[in-house]
Amino acid sequence: MSEVQYQSAKTVKEAVKMMQAAKGKGYILAGGTDLLVQMKSGARTPGVIVDVKKIPEMVSVAEKNGAFTIGAATPAAVLGENKKLRKAWPGVIEACNLIGSTQVQGRASAGGNLCNASPAADSVPALVAAGCIVNVAGPKGKRAVPVEKFCTGPGKTSLKPGEIVVSLTLPKRPKGSSDAYLRLIPRTEMDIAVVGVGVSLTMKGDTVTDARVGLGAVAPTVLLVEKAAKALIGSKLDDAALDAAADACSAACRPIDDKRGTIKYRTKIAGVLLKRSAMIARDRIHGIEHRGHRPV
Amino acid sequence: MSEHRPNTEGKYKWIGTRPDRPDGADKVTGRARFGADFSLPGQLIGKVLRSPHAHAEIKSIDTSKALALSGVKGVITAADFPDQPNLIVPTGEMQVNMRDITRNIMAREKALYEGHPVAAVAAVSEAIAKQALALIKVDYKVLPHVIDVAEAMKPGAPLLHDHLLTEGANPPASKPSNIAKRIEFKKGDAKAGFAQAEVVIEKDYTTQAVHQGYIEPHATLASAAEDGQIQVWSTTQGHFQVRGFCARLLGLETSQIRVTPTEIGGGFGGKTVVYLEPLAMRLSQKAGKPVKMTMAREDVFRASGPAPGGNVKVKIGAMKDGRIVAAECIVEMQAGAFPGSPVGPACMCSFACYDIDNVYIEGFDVVSNRPKVAAYRAPGAPISAWAVESTLDILALQLDMDPIDLRLMNAAKAGTKTAYGVTFNTIGMVETLEAVKHSAHYRTPVKHGYARGVAAGFWFNIGADSSAASHVGEDGSVTVISGNPDIGGSRASLALMAAEELGVDYNRVRPVIADTASIGFNFVTGGSRVTFATGLAVVNSVRDMIRELKVRAAKIWKIDPEAVIWEGGMAKPAGNQVGTFEPLSLADLAAQAGRTGGPINGHAQLNVTGAGPGFGVHCVDLKVDEDTGCVTVGRYTAAQDVGTAIHPSYVEGQLQGGAVQGVGWALNEEYIYNAKGRLDNPGFLDYRMPVASDLPKIETILVEVPNPQHPYGVRGVGEVPIIPPLAAVGNAVARATGVRMVDLPMSPPRLSAALDAARPRRMAAE
């Protein structure tokens with residue numbers, strides 16, 4: 001049996017060094033809600049585990065000029081309790097708060113959810129819709145990656161050897177903005193998305209002035225659906241615009257038939273959820289509260 | 001809102017009350033020890049090597065490298081077990097063949113399903129045991145496999161067993177096939193009945209294999225001693241069954257094996273068979289050390305249970321007033337890799353709720369490359385009821401009749417003869433239908449956007465062998481000893497009956513579950529038999545003890561024992577003519593026991609007959625998201641004739657648990673196999689049992705129609721509640737959408753596809 005080494009970093013720099021020294025056998029431990037399960041099943045066999053929870057900037061939320069920077073290892077439950085963040089980005093937060101169960105929420109993080117690189121990750125479509133920037137640190141310094149470019153395939157990211165995700169930055173919101181995330185699961189919780197859709201809108205009165213759409217679980221990576229956003233921008237979210245955006249989402253789907261859903265079903269649901277998410281985001285802009293995560 | 005309508009108001013002091021269960025504190029504090037909690041000094045860890053193939057000939061197994069690994073203390077294969085004769089033995093509500101059991105615990109000539117054990121090792125650590133498994137070389141010849149029952153029945157399908165000739169085939173089978181058995185039940189003349197019918201409805205239905213889903217995986221610890229004695233700890237519904245099966249499988253005498261049941265984290269019928277126990281015992285014999293074995297959840301899904309899926313054809317003929325005049329049901333059922341599906345009970349239960357003159361029922365037991373099915377609450381009955389109760393709903397809609405009125409018109413009553421030959425004694429089908437009809441739920445109009453479905457179900461319940469003993473301590477407190485693992489609150493129920501019979505406080509009665517060496521034989525905890533049959537044994541053991549207590553009082557008073565009565569927990573003289581004596585309490589008599597003849601105990605051993613069947617009627621309000629196919633259950637009521645609810649909370653718990661499992665079966669649960677015949681969803685993430693937030697609180701109505709053949713009127717209650725939910729949900733979905741689902745589960749993708757397919761027709765109808 002190979003031994004697993006546990007190391008705990010106090011700074012980002014230290015963590016990067018440890019990952020570099022691990023020579024490809026290093027794994028970041030944030031909440032561990034994916035890593036430990038994967039180790040138990042034998043799917044991953046790390047040589048070194050680098051715990052980043054003792055790095056202050058990786059487990060906290062900072063606001064600067066209206067932009068929020070979320071430490072990559074901040075537990076989802078902590079995000080859910082941050083009122084300002086929740087008010088600015090209700091869709092991102094409801095997506096983060098769908099990861100796992102209530103118990104898992106105390107540990108699971110948005111950074112971990114992103115780095116696990118599952119196409120069905122709940123937080124990612126909302127982060128894509130939000131225009132989130134991923135802040136990466138590595139042996140060659142820092143770089144920023146748009147979230148939709150971060151994952152390259154199921155379980156694969158664009159991180160280079162020694163690089164780690166430090167934080168996620170959500171940009172400043174113009175007035176009249178909000179977002180929403182909906183996922184389709186056969187149960188009401190403790191489940192994995194068959195389709196997930198995040199929509200972020202900015203409106204002036206009844207008219208959409210800006211929009212972004214993230215679509216999950218229908219392709220090898222979470223998709224930014226620009227055609228759907230285009231269909232919404234300039235519209236009053238009338239049926240024709242919503243239909244066009246829904247069709248764009250369905251058209252963007254490159255899903256597989258599997259135990260969780262058929263190609264036909266996923267393609268259809270992508271459109272259904274786009275419409276419903278957009279309506280929730282619009283309601284939020286107009287001060288109408290939405291609770292509950294089931295798209296019914 | 002839950003209703004309990006006791007028919008025994010004021011009659012009993014303890015029965016019908018809701019005290020804390022004797023095992024409750026240990027379970028909520030975490031002190032209770034379940035299967036995997038038992039360990040012994042020096043124990044080894046046992047692990048099983050399982051077939052990756054759905055169907056393969058085992059040409060050879062080379063274990064030499066595994067044995068040579070440091071830390072490995074034993075390796076076994078099928079060669080370590082004697083072959084077994086073609087001998088059928090009962091196991092709860094299922095029948096099993098010893099020849100098949102030995103092949104199921106360890107593949108012999110062939111691996112017959114993915115996950116089928118082919119070898120096992122014992123080593124000083126789990127890590128070494130896992131390494132050893134990787135060193136075992138199995139030379140497989142992969143064979144074509146068959147998963148689907150309809151496919152398996154076709155001529156030319158891959159054959160699982162070369163010797164299998166269809167039992168009961170007409171004409172007799174001359175060539176082997178995957179159809180193990182054909183059965184039929186007839187009453188009256190179905191053909192003539194259909195000819196007379198004014199309305200005939202016929203439909204085909206399917207269901208998928210589902211797992212019992214007990215939260216505790218199988219686990220065992222075995223310790224073989226040098227003198228040939230073996231002790232076993234096991235999470236099981238029947239430790240006497242474990243002893244009996246293992247004695248045969250290992251060639252031992254039952255007296256050489258002592259099995260202690262641990263607390264059990266759910267069974268539902270799935271823990272009435274053996275998987276790990278004989279392997280751990282043989283490994284322990286070989287290694288000379290205790291061996292502990294546990295299953296991972298994936299193993300539980302791949303190689304234990306499940307309940308079968310089935311194909312059911314139903315035809316019902318009725319008059320325009322709703323009177324059913326003919327019924328037919330044909331069931332093809334998965335047995336798994338070895339014969340023995342519950343197709344028999346599925347056939348027998350199909351129309352048992354109704355009094356129908358002309359019935360024809362036919363069933364087929366079919367093997368395929370799936371794990372051997374095990375019992376699951378009312379084995380087989382939910383499958384036929386899904387089809388029959390859905391068809392009745394179509395009939396009710398077609399005749400524009402209330403679904404309860406239709407069932408009331410045709411309900412079985414005392415004196416109704418079933419298609420399988422039994423004539424009912426006192427039963428509560430009518431009372432249960434009436435209870436739902438008059439319930440707060442049914443009388444409340446359906447909420448906007450929702451629709452309501454109703455369905456019924458029947459189960460026999462069983463009696464069988466039970467032993468019990470009652471002991472009085474020197475302070476007058478009482479120990480009641482029985483031999484059935486407690487999976488549903490039976491300790492509390494047994495203690496309540498003992499307290500009632502003896503006239504003492506419930507808290508002075510301690511119920512204990514003894515190991516196989518400490519009490520006489522008890523048949524498994526299954527068939528909803530424990531509160532009924534073992535309850536009767538407990539009552540009789542207490543009566544035996546009371547007889548002795550009266551003898552002791554008579555001795556003290558120097559009168560005839562016949563002149564002593566037992567009343568309110570005291571011995572009293574039968575009347576004034578006997579003499580005037582101060583009553584003697586249990587404590588008084590216990591304190592003087594040494595001077596009046598020694599310890600005071602009671603015993604009983606019985607083969608219990610007279611089990612009272614149970615009927616359930618469920619009502620559900622739900623809505624369907626037409627775009628996504630997602631179903632939301634808004635309100636659910638389960639009513640049942642429960643005999644007498646000894647501890648109403650645990651009776652309600654049975655109704656609620658069964659309803660939830662049935663809703664899961666209806667909506668999302670299914671075994672999904674890939675093209676290679678491997679199970680694609682062996683975990684709770686993709687095998688979707690309901691979670692708490694999926695359902696409202698299940699309301700219950702306990703209808704008490706006592707079983708005349710039990711001193712307290714007990715009927716089994718644990719199985720009926722899983723039967724009606726499938727069709728209740730399906731009927732509500734049909735009424736909500738106008739689309740009749742015939743294939744389970746009604747998962748969002750499947751329901752959505754059905755709604756989309758029906759859209760043109762539905763739009764045309766509008």
Check [Y] with [X], please: is the shortest side-chain N to carboxylate O separation under 4.0 Å?
| X | Y | value |
| --- | --- | --- |
| Arg688(B) | Glu669(B) | no |
| Asp621(B) | Arg735(B) | no |
| Asp243(A) | Lys275(A) | yes |
| Arg750(B) | Asp743(B) | no |
| Asp756(B) | Arg759(B) | yes |

State, with a plain yes or no, whether a side-chain heavy atom of Pro186(A) is found less than 4.5 Å away from one of Asn668(B). yes
Interface residue of largest heavy-atom contact number with chain A, from Ser747(B), Pro749(B), Ala296(B), under 4.5 Å: Pro749(B)
With sequence neighbours left out, the residues meeting ring-ring contact (aromatic ring centres under 6.0 Å, His included) with Tyr214(B) are His211(B), His218(B)
Can you tell me which portion of Tyr687(B) sits under 4.5 Å from chain A's heavy atoms? Options are side chain, backbone, both or neither. backbone
Contact list for residues 30-43 of chain A, test side chain to side chain donor-acceptor pair (under 3.5 Å), sequence neighbours left out: Asp34(A)-Asn116(A), Gln38(A)-Arg44(A), Gln38(A)-Asn116(A)
With a strict 4.5 Å heavy-atom criterion, list every residue of residues 677-685 of chain B that contacts chain A, or say none. Asp680(B), Asn681(B), Phe684(B), Leu685(B)
Would you say CZ of Arg50(B) has more than 12 non-hydrogen atoms from neighbouring residues, nucleotides or ligands within 6.0 angstrom? yes
Greater than 12 external heavy atoms within 6.0 Å of Asp238(A)'s CG: yes
Chain B neighbours within residues 249-270 of chain A, where any heavy atom lies under 4.5 Å away: Lys259(A), Arg260(A), Gly261(A), Tyr265(A), Lys268(A), Ile269(A)
